[in-house]
Amino acid sequence: MKVRDSFTTAGGSRSNEDRVGHAGPLAWVIDGATDLYDDAALPAERDVVWLVDLVGSLLTDAGTDGYQGNGADLLEQIAVEVQRRQESYGFPPDRMPPACSIGLCIDQGDGFELTRIGDATAVIDGNATHVLATDYFDGREAAAVRARETDPAKVVAAMQQRRRHTMTSGDVESVFSGHPQRRLVAHRIVADWAGTGHILLCTDGFARLVTDYQLFPGWPEVVAEARERGMAYLEQLIRQTESDPAVGGDRFKRADDVAAVLISAG
């Protein structure tokens, strides 16, 4: 595979919690979930920053070593290492560990595997279009916004309950974490490179081009624009739309961090 373009930018004044990368047969995007605490228990600005940097580093190591196996197996191996390192820093057992979503492409030779955990999106644009995505998290966020509490303590408690559920319940979706009772739920597509034009991996901030803002009728149009004008142009469209006072709706954040990578067969 060949990486054609990629980018990641912050959605506000805080540092970016999304990541994009590639190494050997691997390419990925990572979307850090907003921390539930004001302080950090891990050696970084925030716990989630520690997590996304570590996951990116471990994926880079796996890609450099030429990993071509199963995506779910690789992410579970990484989760084991995340848990081990958390514990080595004395991470409090009663504290909610940081979490993220991951979109991963693994070049396996004649074919490839796309693996998703959380609300990342993976798109195959070729003879046909295939999308690996979910609206599970959007629905939960919209419901939480509608039921938003005014008591700060209740707000935090509700957020912690939702986060724990997506880490440990084994529901139809999950988020990635080093939680000791984690149950990672990976979704995947396996396909041949033949007939595949391009692959797009992106975080939910970028997916808003289609899902929330409806700036494009579908993913083929997004891929075509990325090829013609580049990812930076699409990022500008997202930021311009976010600056509209009418934008907001059923989301906690008006602007979001974004990350995306465009891939083609080598």
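No hydrogens, no waters, no symmetry mates; every other heavy atom, side chains included, goes into these values.
Q108 contributes atom CD, which lies 10.5 Å from atom CG of D192 (distance to the nearest 0.5 angstrom). In this structure, CD on E76 lies 12.0 Å from CD on E81, to the nearest 0.5 angstrom. Between Q160 atom CD and Y37 atom OH the span is 4.5 Å, to the nearest 0.5 Å. Rounded to the nearest 0.5 Å, atoms CG (D53) and CZ (R19) are 4.5 Å apart. Between Q181 atom CD and M167 atom CE the span is 11.5 Å, to the nearest 0.5 Å. Rounding to the nearest 0.5 angstrom, the gap separating the SG atom in C100 from the CG atom in L54 is 9.5 Å.
Few gaps surround CZ on R95; more than 12 heavy atoms of other groups in view lie less than 6.0 Å from it. Within a 6.0 Å sphere centred on CG of D39, heavy atoms belonging to other residues, nucleotides or ligands number more than 12.
A donor-acceptor pair is defined here as one N or O able to donate and one able to accept, closer than 3.5 Å; such a pair exists between the side chain of T203 and the backbone of A259. Checked by atom type and distance alone, the side chain of D35 pairs as donor or acceptor with a backbone atom of D47 at under 3.5 Å. S174 places a side-chain N or O within 3.5 Å of a backbone atom of V185 that can act as its donor or acceptor partner. Of the possible donor and acceptor atoms, none in the side chain of S169 sits under 3.5 Å from a partner among the backbone N and O of T166. Of the possible donor and acceptor atoms, one in the side chain of E113 sits under 3.5 Å from a partner among the backbone N and O of G71. In this structure a side-chain-to-backbone donor-acceptor pair under 3.5 Å is present from E242 to D256. Proximity of a side-chain donor or acceptor of H198 to a complementary backbone N or O of V123 within less than 3.5 Å is not detected.
Residues I238 and R208 are not in side-chain contact: their nearest non-hydrogen atoms beyond the backbone lie 4.5 Å or more apart. For the pair V80 and R182, the minimum side-chain heavy-atom distance is below 4.5 Å. Residues Y67 and D73 form a side-chain contact, since some pair of their non-hydrogen atoms from C-beta on lies under 4.5 Å apart. When side chains are defined from C-beta on, T121 does not count as touching R116, because their heavy atoms never get closer than 4.5 Å. At least one side-chain heavy atom of P220 sits under 4.5 Å from a side-chain heavy atom of D125. Two residues are said to be in side-chain contact when any heavy atoms from C-beta on lie closer than 4.5 Å; R162 and H165 fail this criterion. Side-chain contact between I106 and N70 is absent, with no heavy-atom pair separated by less than 4.5 Å. Looking only at side-chain heavy atoms (C-beta outward), F137 and D204 stay at 4.5 Å or farther from each other.
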Original post:
When you look at L209 and L237, which way does the side-chain contact (heavy atoms from CB on, under 4.5 Å) test go after all the steps?
Top reply: CA-CA 8 Å; L209 283 167; L237 289 182; 4.3 Å; yes

**OP:** Determine, stepwise, if the pair T9 / R239 fulfils side chain to side chain donor-acceptor pair (under 3.5 Å).
**Re:** CA-CA 10 Å; T9 63; R239 301 308 180 201; 3.0 Å; yes

**OP:** Evaluate side-chain contact (heavy atoms from CB on, under 4.5 Å) for L58 paired with R85, printing each intermediate quantity in order.
**Re:** CA-CA 12 Å; L58 294 173; R85 295 200 194 187; 3.9 Å; yes

**OP:** Decide yes or no on side-chain contact (heavy atoms from CB on, under 4.5 Å) for V82 and L51, but give the supporting numbers first.
**Re:** CA-CA 8 Å; V82 168; L51 176 67; 3.7 Å; yes

Original post:
Taking it one step at a time, do W28 and T60 satisfy side-chain contact (heavy atoms from CB on, under 4.5 Å)?
Top reply: CA-CA 10 Å; W28 61 86; T60 297; 3.4 Å; yes

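Aromatic ring pairs are classed by plane angle as parallel below 30°, tilted from 30° to 60° and perpendicular above 60°; the pair F112 and W193 is tilted.
Residues E87 and Q83 bring a donor and an acceptor atom of their side chains to less than 3.5 Å of each other. A donor-acceptor contact closer than 3.5 angstrom links the side chains of T8 and N16. Between the side chains of R4 and S264, at least one donor-acceptor pair of N or O atoms lies under 3.5 Å. For the residue pair S15 / R46, a side-chain donor-acceptor distance below 3.5 Å is found, with atom types taken as modelled.
Of the candidates I263, L114, T129, I124 forms a side-chain contact (heavy atoms from CB on, under 4.5 Å) with just one, namely L114. Residue M231 is tested with V258, L200, V20 for a side-chain contact (heavy atoms from CB on, under 4.5 Å); the sole match is L200.
Residues A41 and P92 share a closest heavy-atom pair of CB-CD, 4.1 Å. Contact record, F91 with P98: CZ-CD, 4.1 Å, taken as the closest heavy-atom pair.
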